[in-house]
Participant: 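I'd like to ask you about the structure that follows.
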Amino acid sequence: MRLLLVEDDRMIGESLCEALTGDNHVVDWVRDGRAAELALDAGCYDLVLLDLGLPKKQGLAVLRDYRACGGMVPVLVITARDSVSDRVIGLDAGADDYLVKPFDLDELFARTRALLRRPAGRAQSLIIHGALTLDPVNHEAWLHGQRLTVSAREFALLQVLLSPPGRVWSATQLEEKLYGWGRDIGSNTIEVYIYHLRKKLGADFIRNVRGVGYKLGEP
Ligand code: CA
């Protein structure tokens with residue numbers, strides 16, 4: 001899934017980028033509050049990890065303004081401030097969860113997964129669509145109970161198409177979900193992944209919506 005990391009500390013930012021990329025997310029990293037607002041305007045994120053102490057505009061102000069404008073993406077606040085009142089202020093400003101530095105990476109991964117489940121209304125960590133089951137924790141996929149071999153990008157593409165299953169996605173929107181800024185994307189990369197997924201899942205599993213893009217077939 002595509003994450004926006006807002007963190008001004010270079011060392012923390014670099015280590016979080018590396019860890020989250022290793023957990024199969026696409027991460028865009030910005031270092032101040034204004035840059036965070038510009039990135040949020042692009043509107044293609046599944047989760048925001050937000051530091052509170054930021055140059056140019058404080059994290060709490062970014063969060064309040066984002067929610068006031070109707071921004072719905074889950075926000076996980078990551079901060080060194082750990083008093084109860086700081087946490088309450090953060091949650092009241094529209095944060096979905098709170099992590100106090102320093103924290104264990106496994107806890108970050110678990111909270112990230114929990115927040116990414118929310119928009120699709122799933123309480124379970126397994127994603128099931130007809131004969132297909134995805135396990136985002138272990139990055140495993142099964143079809144009719146048989147383990148499937150899928151690449152990290154194919155897995156990510158399936159996850160996007162399943163969130164929620166009825167939605168139609170254009171190739172451009174799928175590219176935005178699968179790639180961060182500045183990556184060199186081949187002109188028909190998404191089509192290639194879809195081709196490989198259809199070979200593994202069946203031709204009807206991913207449908208073409210003429211002139212628009214793709215959606216999952218009925219389960
Ligand atoms: Ca900071």
Side-chain angles (χ1 to χ4, degrees), residues 1-120 125 136-137 139 152 156 159-160 163 173 175-184:
M1 304 301 252
R2 189 155 175 181
L3 275 48
L4 177 66
L5 171 64
V6 189
E7 170 61 74
D8 60 316
D9 184 292
R10 192 174 61 83
M11 277 180 59
I12 296 173
E14 278 174 359
S15 65
L16 286 180
C17 262
E18 191 183 327
L20 290 163
T21 304
D23 199 36
N24 285 315
H25 299 292
V26 175
V27 185
D28 293 328
W29 174 23
V30 295
R31 302 179 188 200
D32 66 67
R34 294 278 177 220
E37 289 188 319
L38 287 175
L40 286 168
D41 278 346
C44 60
Y45 295 102
D46 301 294
L47 176 67
V48 181
L49 295 103
L50 180 68
D51 182 29
L52 291 188
L54 291 170
K56 297 189 182 173
K57 183 164 181 173
Q58 289 289 311
L60 266 183
V62 172
L63 179 56
R64 277 202 189 100
D65 290 349
Y66 176 64
R67 292 292 189 233
C69 293
M72 300 287 286
V73 174
V75 174
L76 173 59
V77 162
I78 294 178
T79 180
R81 302 174 189 176
D82 65 347
S83 75
V84 172
S85 65
D86 280 335
R87 262 176 279 177
V88 169
I89 290 167
L91 294 169
D92 280 348
D96 295 272
D97 203 355
Y98 213 100
L99 209 47
V100 176
K101 298 172 190 170
F103 49 81
D104 188 276
L105 281 178
D106 284 336
E107 185 175 7
L108 172 69
F109 295 156
R111 285 177 192 251
T112 299
R113 284 193 296 267
L115 288 174
L116 287 170
R117 283 201 296 270
R118 264 186 212 175
S125 61
V137 178
H139 297 278
Q159 238 183 320
V160 173
S163 61
Q173 288 172 324
E175 277 169 8
E176 282 174 356
K177 287 285 187 189
L178 260 60
Y179 296 92
W181 296 330
R183 312 293 201 287
D184 194 17

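Numbering starts at 1 and runs along the sequence shown. Every number for a ligand or one of its atoms is a count from 1 in the order of the listing.
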Participant: Report the atom name of the nearest N/O/S atom of D8 relative to the Ca ion (ligand 1).
Facilitator: OD1
Participant: Compare every heavy atom of I12 with every heavy atom of D9, then report the nearest pair and how far apart it is.
Facilitator: OD1-N, 2.9 Å
Participant: What are the two closest non-hydrogen atoms of Y98 and G90, and how far apart are they?
Facilitator: CE1-CA, 4.2 Å
Participant: Under 3.0 Å from the Ca ion (ligand 1), can any N, O or S atom of G53 be found?
Facilitator: yes
Participant: Check this for me: does any side-chain nitrogen of one of D41 and R34 sit under 4.0 Å from a carboxylate oxygen of the other?
Facilitator: no
Participant: Quick one: NZ on K177 to CD on Q159, what's the gap to the nearest 0.5 Å?
Facilitator: 11.0 Å
Participant: Restricting to N, O or S atoms of D51, which is nearest to the Ca ion (ligand 1)?
Facilitator: OD2
